[in-house]
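To start, the structure under review is shown below, and the notes come after it.
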Amino acid sequence: MDGRTTCVVVGGGPAGMVLGLLLARAGVDVTVLEKHGDFLRDFRGDTVHPSTLQLLDELGLGERFAALPQSRLDEVAFPVAPGRQIVVADFRRLKTRYPYVAMVPQWDLLDLLAEAGAAEPSFTLRMRTEVTELIREDGQVRGVRYRGPDGETGELRAELTVACDGRWSIARAQADLPVREFPVPIDAWWFRLPRDPHDDPAGLTPRVAPGRFAVVIPREDYLQVAYIARKGSDARLRAQGVEQFRRDIAELAPGFAGRVDAIASMDDVKHLDVRLNRLDRWHVPGLLCLGDAAHAMSPVGGVGINLAVQDAVAAATLLAEPLRRGTVSEADLARVRARRLLPTILVQRLQRLMHRGLVAPILDGRRAGPPRPVLALLRRFPFASLGPAYLIGIGVRPEHAPPFARRPPAPVGTEGQAG
């Protein structure tokens, strides 16, 4: 089945759904293609940062988001002795309406955005629709070919195609956009543990041992744990089996010793191949890359979803009017990259610095936490924890909803109703 739209968005993740919603509110005919049948996938970016919470408010979705089951992170802290820790990032110091990071399953956020999009006449979301190829004519991308829910194939032609399909973007690959890769010393393995009533409900606290560490994220009903070890360790970890993995976790965090049996097998442990890269050029005629398709981020700092959402807001702000006119130029697409490049470079440089100065020394067994001068600074001047909190929670160049996308608060229970 063939069709036409003004803008086709490849991928229904946070960047794709935010872009689709904002463009639809500008009156642009937009279609989002998502290859899965639902959004139910574990261990995606589940952090919703203060700047994104502010954006949801501006879109009139704050009250509906607040009604979702969630936990809140007030701080990031490192243990320095039994019973003692140093707060590295204190979100409570932020001068914002939302001085915390909300932890919400990504599928709940995406469902909320999909419901808001359904209220817009020019918004279409097509699930179980996998993009297989770009349509290229006369040196320009003219849309996509896809495979639908029943295996049928078709074409969707568009003035603009936006790749929001992640670090392994098929659209980016077919556009032959070169990727600049940066070395990354780590991979991550995600799993869940039962939550204990004595667990800190509002703090993100690493557990550190020579050669490895774990980051524990308190969720409403469980703990989400990222086990960090050297890149290339996946085959070894899986060959050792679940019993050894449980022992490693219990040794790393003795307080979890009574809970590790919840890891029934290594199938419960999801491997993340950590990448840090970016495109030098984010577009070709008719195609723009955003989010992880333009710049894959390390999980250090948990800022990937925040940057992707801000990319989408910037793109909608800059491209809505050209799309309405049907005159999107290469210069218009280049302006999106120009606006978002500095935040991307600064965050990636900070992540590379943290890989070298924090993560690698821990994995090498040379250190059990941040460098001593950093700890001394934070002990003497606790207010210094505002800096990391701002970089993580707000970002270098926070984006705000353009006027055409703003709405008054929508009461809980009005999802999907026409606005």
Side-chain angles (χ1 to χ4, degrees), residues 1-13 15-24 26-35 122-126 129-148 152-180 277-296 308 311-341 344:
M1 183 173 64
D2 298 340
R4 177 171 288 279
T5 187
T6 302
C7 179
V8 57
V9 179
V10 183
M17 295 301 290
V18 169
L19 178 64
L21 172 61
L22 268 60
L23 289 179
V28 175
D29 189 20
V30 58
T31 300
V32 180
L33 304 181
E34 167 55 45
K35 68 179 180 180
S122 59
F123 177 90
T124 301
L125 171 62
R126 295 170 64 173
T129 303
E130 182 177 6
V131 170
T132 57
E133 189 178 5
L134 296 177
I135 300 173
R136 305 188 74 168
E137 296 173 350
D138 302 322
Q140 175 144 346
V141 176
R142 303 288 186 180
V144 298
R145 296 184 177 92
Y146 64 84
R147 183 181 301 108
E152 77 279 10
T153 59
E155 292 185 353
L156 185 60
R157 291 179 172 266
E159 296 296 321
L160 177 65
T161 300
V162 183
C164 297
D165 50 341
R167 63 186 62 195
W168 308 114
S169 170
I170 184 172
R172 179 182 76 184
Q174 293 201 356
D176 296 322
L177 285 166
V179 183
R180 181 187 301 187
N277 61 42
R278 69 173 179 266
L279 302 179
D280 288 327
R281 180 181 174 90
W282 293 16
H283 77 279
V284 295
L287 172 74
L288 174 68
C289 296
L290 297 177
D292 276 3
H295 47 72
D311 283 357
V313 177
T317 301
L318 294 170
L319 300 179
E321 184 56 34
L323 283 167
R324 281 195 295 255
R325 296 194 309 261
T327 58
V328 179
S329 66
E330 282 201 73
D332 293 322
L333 301 181
R335 276 194 283 272
V336 178
R337 173 186 176 274
R339 180 163 173 158
R340 297 303 308 158
L341 184 59
T344 300

Would Trp282 and Leu333 count as a side-chain contact (heavy atoms from CB on, under 4.5 Å) here? Give the steps.
CA-CA 8 Å; Trp282 293 16; Leu333 301 181; over 6 Å; no
Less than 4.5 Å apart, any side-chain heavy atom of Glu133 and any of Tyr146?
no
Are Leu290 and Val162 side-chain neighbours, meaning at least one heavy-atom pair lies under 4.5 Å?
yes
Would you say [X]'s side chain and [Y]'s backbone share a donor-acceptor pair under 3.5 angstrom?
X      : Y      : answer
Arg281 : His283 : yes
Asn277 : Val179 : no
Thr31  : Val8   : no
Arg142 : Leu156 : no
Asp2   : Glu155 : yes
Arg324 : Ala26  : yes
Thr132 : Arg145 : yes
Glu130 : Lys35  : no

Which atom pair, heavy atoms only, marks the closest approach of [X] to [Y]?
X      : Y      : answer
Gly326 : Glu159 : O-OE1, 4.2 Å
Ala294 : Cys289 : CB-O, 3.6 Å
Val144 : Ile135 : O-CD1, 3.5 Å
Ala316 : Leu19  : N-CD1, 3.8 Å
Gly291 : Asp311 : N-OD2, 3.1 Å
Ser122 : Val28  : OG-O, 3.0 Å

How long is the gap from [atom1] on [X] to [atom2] on [Y], to the nearest 0.5 Å?
X      : Y      : atom1 : atom2 : answer
Arg157 : Thr5   : CZ    : OG1   : 13.5 Å
Leu318 : Asp332 : CG    : CG    : 8.5 Å
Leu341 : Arg278 : CG    : CZ    : 6.5 Å

Show, in sequence, the C-alpha distance, side-chain angles and deciding distance for Leu23 and Leu323, and conclude whether the side-chain contact (heavy atoms from CB on, under 4.5 Å) test is met.
CA-CA 9 Å; Leu23 289 179; Leu323 283 167; 4.0 Å; yes
Step-by-step side-chain contact (heavy atoms from CB on, under 4.5 Å) determination, Met17 to Leu125
CA-CA 9 Å; Met17 295 301 290; Leu125 171 62; 4.1 Å; yes
Lys/Arg-Asp/Glu bridge criterion (N-O < 4.0 Å) met for Arg335, Glu330:
no
Apply side-chain hydrogen bond (donor to acceptor under 3.5 Å, both in side chains) to Arg4 and list each qualifying residue two or more places apart in sequence or on a separate chain.
none
Leu134 pairs by side chain to side chain contact (heavy atoms under 4.5 Å, CB included) with which of Leu287, Val10, Val284, Ile170?
Leu287
Going by side-chain hydrogen bond (donor to acceptor under 3.5 Å, both in side chains), name the pairs with one or both residues in residues 163-178, residues two or more places apart or in two chains.
Asp165-Ser169
Candidate pair Thr317 and Arg339, rule side-chain contact (heavy atoms from CB on, under 4.5 Å), full reasoning:
CA-CA 11 Å; Thr317 301; Arg339 180 163 173 158; 4.3 Å; yes
